[in-house]
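Only one structure is covered here, and it is reproduced in the block below.
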Amino acid sequence: MRMTENKFKAALRSGQIQYGLWLGLADTYSAEICAGAGFDWLLIDAEHGPNELRSILAQQQSIAAYASQPVVRPPQGDAVLIKQLLETGIQTVLVPMVDSAAQAKELVRAMRYPPQGMRGVGSVLARASRWGRIEDYLERANDEVCLLVQVETTTGLENLSEIIAVDGVDGVFFGAVDLAASMGYLGASEHPEVVAAIEAGLREVAASGKGGGVLSANETMVRRYLAAGANFVAVGVDALLLANATSELLARYRPGEGAEREPARY
């Protein structure tokens, strides 16, 4: 058995645009339904979704039969948790609230085996190596992991150039909602100053040759960010798709109940 190529990372390096969907429902059945739609990547969210290691593993297994590539966002950039995620077979990790190059460097080390990093060597016990059946796992593991860092504060923006320059950071994801709050525009992720800051950040990331990402359910915003250089873009959230669709359905039969409500979206 040979090591599986990280198709998400390969596409990121080639500059290919990849469309994704956020998974926050923490459920294998809904994750498989979403995988069947054909998104390039699916983000299993453990920062704001009620996920833990076993539920992440189960969703990863339900997605495995489809072309969609799983990406996991842990609640924080903890080296022990990152190690556990990698052991389950996850190859791409999106770490929230990265504000400095020093923080990014530690995350790079957490993703890799020595001497390049500090990841504990226990692959024969792990699904990632198919319990030792992948013959070249240790030789190729460092090359196939993909680290995405989430810049979502004014401090992160100020340090963006240094963060991008860290070897081993494969992409930068701009968190519009938290960035808006950090800039003084709580709840206004589409404020012109926030959008302009993200566009400038995406252009800088694109110029470096690394991947730039965002999440937005607003098609106009998505197209603006793509024009600025984004190449991995999440265009919706499973929980919000369900919430909006069910509210709209009921409003057809009970006019006035939720009909005037703006659809919830990122």
Side-chain angles (χ1 to χ4, degrees), residues 12 18 20 22 24 41 43 45-49 71-79 81-82 92-111 146-237 240 262 264-266:
L12 204 65
Q18 301 184 86
W22 228 249
W41 57 287
L43 189 289
D45 190 8
E47 183 188 15
H48 296 298
V71 178
V72 171
R73 179 167 72 172
Q76 60 182 354
D78 178 82
L81 179 54
I82 288 172
T92 303
V93 177
L94 170 61
V95 179
M97 293 292 179
V98 176
D99 285 336
S100 70
Q103 188 181 356
K105 288 176 182 177
E106 286 304 302
L107 294 171
V108 171
R109 294 184 67 237
M111 295 280 287
C146 180
L147 173 62
L148 309 173
V149 297
Q150 191 160 338
V151 170
E152 46 192 335
T153 67
T154 54
T155 301
L157 281 182
E158 290 167 3
N159 296 325
L160 181 60
S161 297
E162 290 80 10
I163 292 171
I164 294 170
V166 173
D167 187 28
V169 169
D170 299 290
V172 177
F173 182 92
F174 294 92
V177 176
D178 280 290
L179 180 58
S182 181
M183 293 175 67
Y185 302 113
L186 181 63
S189 61
E190 295 179 4
H191 187 283
E193 290 187 24
V194 178
V195 173
I198 293 174
E199 288 176 318
L202 287 168
R203 286 191 287 269
E204 185 173 354
V205 172
S208 76
K210 295 189 176 183
V214 290
L215 161 63
S216 178
N218 182 332
E219 185 177 348
T220 299
M221 288 294 102
V222 168
R223 298 200 181 281
R224 285 189 60 170
Y225 292 142
L226 288 171
N231 61 356
F232 67 102
V233 182
V235 295
V237 179
L240 298 186
E262 278 290 318
R265 69 185 186 193
Y266 262 71

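In this text the structure is predicted, and so the values were computed from the model without any measurement.
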Quick one: closest heavy-atom pair of [X] and [Y], and the distance?
{"X": "L157", "Y": "V151", "answer": "N-CG1, 3.7 Å"}
{"X": "V93", "Y": "P74", "answer": "CG1-CD, 3.7 Å"}
{"X": "C146", "Y": "L12", "answer": "SG-CD2, 4.2 Å"}
{"X": "Q150", "Y": "P96", "answer": "CB-CA, 3.6 Å"}
{"X": "L215", "Y": "G236", "answer": "CD1-O, 3.9 Å"}
{"X": "V166", "Y": "K210", "answer": "O-NZ, 2.8 Å"}

For the [atom1] atom of [X] and the [atom2] atom of [Y], what is their distance to the nearest 0.5 Å?
{"X": "N218", "Y": "T220", "atom1": "CG", "atom2": "OG1", "value": "5.0 Å"}
{"X": "S208", "Y": "L160", "atom1": "OG", "atom2": "CG", "value": "8.5 Å"}
{"X": "I198", "Y": "S189", "atom1": "CD1", "atom2": "OG", "value": "7.5 Å"}

According to the ring pair (Phe, Tyr, Trp, His ring centres under 6.0 Å) rule, which pairs have a member within [range], sequence neighbours left out?
{"range": "residues 194-234", "result": "F8-F232, W41-F232"}
{"range": "residues 149-168", "result": "none"}
{"range": "residues 175-194", "result": "Y185-H191"}

Q: Could I get the full list of side-chain hydrogen bond (donor to acceptor under 3.5 Å, both in side chains) partners for D78, not counting sequence neighbours?
A: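 side-chain hydrogen bond (donor to acceptor under 3.5 Å, both in side chains) check on D78 returns nothing, list empty.
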Taking distance alone, no hydrogens or angles, what donor-acceptor pairs closer than 3.5 Å link side-chain atoms of residues 170-184 to residues at least two apart or in another chain?
{"unit_1": "D170", "atom_1": "OD2", "unit_2": "L147", "atom_2": "N", "d": "2.9"}
{"unit_1": "S182", "atom_1": "OG", "unit_2": "T154", "atom_2": "N", "d": "3.0"}
{"unit_1": "S182", "atom_1": "OG", "unit_2": "T154", "atom_2": "OG1", "d": "3.4"}

Enumerate donor-acceptor pairs with a distance under 3.5 Å from any side-chain N or O in residues 100-108 to protein atoms, sequence neighbours excluded.
{"unit_1": "S100", "atom_1": "OG", "unit_2": "Q103", "atom_2": "N", "d": "3.1"}
{"unit_1": "Q103", "atom_1": "OE1", "unit_2": "D99", "atom_2": "N", "d": "2.9"}
{"unit_1": "Q103", "atom_1": "NE2", "unit_2": "M97", "atom_2": "O", "d": "3.0"}
{"unit_1": "E106", "atom_1": "OE1", "unit_2": "R109", "atom_2": "NH1", "d": "3.3"}

